[in-house]
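All figures in this text were calculated on a predicted structure; none of them were measured in a lab. For reference, positions follow the sequence shown, starting with 1.
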Amino acid sequence: MDRNDQLERSLARLLSDLLPTLKDPRIPLVVTVERVHLTPDKRNARVQVSTLDESAEDDMLAALNGASGFLQRRVADELELRLTPRLSFHSDPLEVLR
């Protein structure tokens, strides 16, 4: 496992812990961080999230992207990185079983 993979997993774990602490009513009770993709220069992180309530998805993404600065500061404090990636949240729709 290379350094980028380790950092992506650490970010996903930490964000999974941080998201439930946000007090925005637009964020559903259950939000799952599916995966984190870092750019090669580690300046940007694409965070793919999902929720069971697909009707709340647009509001949830707006709330999470609005809170990205707060979350980025928390990530910087927790992971003690030299450069903290800019977080952007995107939907990762759940696959429906056939």
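The distance from atom CG of Asp2 to atom CG of Asp5, rounded to the nearest 0.5 Å, is 4.0 Å. The distance from the CD atom of Glu54 to the OG atom of Ser91 is 9.0 Å, given to the nearest 0.5 Å.
Taking every heavy atom of both residues into account, Thr39 and Asp41 meet most closely at OG1-OD1, 2.6 Å.
Under the side chain to side chain donor-acceptor pair (under 3.5 Å) criterion, Ser88 pairs with His90, sequence neighbours left out.
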For residues 21-32, which side-chain donor-acceptor pairs fall under 3.5 Å, sequence neighbours excluded?
from  : atom 1 : to    : atom 2 : distance (Å)
Thr21 : OG1    : Leu18 : O      : 2.5
Asp24 : OD1    : Arg26 : N      : 2.8
Asp24 : OD1    : Arg26 : NE     : 3.1
Asp24 : OD2    : Arg26 : NE     : 3.4
Asp24 : OD2    : Arg26 : NH2    : 2.8

Could you pull out every donor-acceptor pair under 3.5 Å between side chains of residues 68-86 and any protein atom, sequence neighbours left out?
from  : atom 1 : to    : atom 2 : distance (Å)
Ser68 : OG     : Asn65 : O      : 2.9
Arg73 : NH1    : Gly69 : O      : 3.4

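Leu64 has its side chain out of reach of Val47: every pair of non-hydrogen atoms, C-beta onward, lies at least 4.5 Å apart.
In this model, no donor atom of one side chain and acceptor atom of the other lie less than 3.5 Å apart for Thr51 and Asp53.
Side chain of Glu8 to backbone of Arg35: no donor-acceptor contact under 3.5 angstrom is found.
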